[in-house]
Amino acid sequence: MQRFSIGVMGALLGFSLVTICLDQSNAESAISRSELCSSLNRQLDEALETHAAAKQVTAAKALQRKGTRFCANKKQAQGIRMLANALKLLGVTPIDPVTLKTDLHQKKEMSP
């Protein structure tokens, strides 16, 4: 009976280690909501410059202020929605988080 218990414990320990390693690799590859807030804010700044004549600029700036406030107050999901809606008002497609993750990963690999 003791051999069985040791075998089961060993299997559980091995499974736990594999799970921990997988979770860490996923955490490293996923972008944080804070990074997404920052990237959307930069995209919105650029869009406001290039779409300065758009009718919805005032509304987009108001949404940007709200979104930035939400992101700063640890309510990134709401902030991300606000920033994405501001971009859509200007006729700009918000950045894709998957594309952003790839770009950030490549920048980290290239930095010394």
Side-chain angles (χ1 to χ4, degrees):
M1 182 72 172
Q2 195 173 21
R3 281 186 174 170
F4 177 75
S5 297
I6 292 172
V8 170
M9 292 296 282
L12 288 174
L13 179 63
F15 179 73
S16 297
L17 291 174
V18 168
T19 303
I20 290 170
C21 290
L22 288 175
D23 285 344
Q24 286 178 345
S25 68
N26 286 340
E28 290 173 6
S29 65
I31 64 163
S32 70
R33 287 182 177 173
S34 295
E35 289 172 321
L36 187 53
C37 280
S38 297
S39 295
L40 285 170
N41 228 332
R42 279 192 300 275
Q43 184 185 14
L44 190 50
D45 284 338
E46 292 172 10
L48 286 167
E49 285 180 21
T50 58
H51 295 78
K55 294 178 181 180
Q56 299 292 337
V57 168
T58 304
K61 285 181 180 180
L63 283 174
Q64 183 182 31
R65 284 190 298 276
K66 287 181 184 178
T68 302
R69 223 174 301 128
F70 278 126
C71 287
N73 291 324
K74 307 281 187 216
K75 296 179 180 179
Q76 289 92 353
Q78 290 169 301
I80 289 166
R81 278 194 301 273
M82 292 279 180
L83 295 169
N85 286 336
L87 284 162
K88 290 175 187 175
L89 277 178
L90 298 173
V92 176
T93 303
I95 55 172
D96 177 27
V98 175
T99 305
L100 178 63
K101 178 179 76 172
T102 304
D103 292 346
L104 288 174
H105 182 69
Q106 289 172 350
K107 286 179 185 178
K108 286 180 184 177
E109 286 180 348
M110 297 175 89
S111 62

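In this text the structure is predicted, and so the values were computed from the model without any measurement. By convention here, the first residue in the shown sequence is residue 1.
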When rounded to the nearest 0.5 Å, the distance separating CD of Glu35 from CG of Leu40 is 12.0 Å

Please output the side-chain donor-acceptor pairs of residues 68-91 that fall under 3.5 Å, not counting sequence neighbours, one pair per line with the distance.
residue : atom : partner : partner atom : Å
Thr68   : OG1  : Asn41   : ND2          : 2.9
Thr68   : OG1  : Gln64   : O            : 2.8
Asn73   : ND2  : Arg69   : O            : 3.1
Gln76   : NE2  : Ser34   : OG           : 3.3
Asn85   : ND2  : Arg81   : O            : 3.2

Would a single hydrophobic cluster contain both Leu44 and Leu63, if residues Ile, Leu, Val, Met, Phe, Trp and Tyr are joined by side-chain heavy-atom contacts under 4.5 Å?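 No, because Leu63 and Leu44 fall into different hydrophobic clusters, even though each may have its own neighbours under 4.5 Å.
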
Using distance only, find each side-chain donor-acceptor pair of residues 51-59 under 3.5 Å and give its atom names and separation, not counting sequence neighbours.
residue : atom : partner : partner atom : Å
His51   : ND1  : Ala47   : O            : 3.0

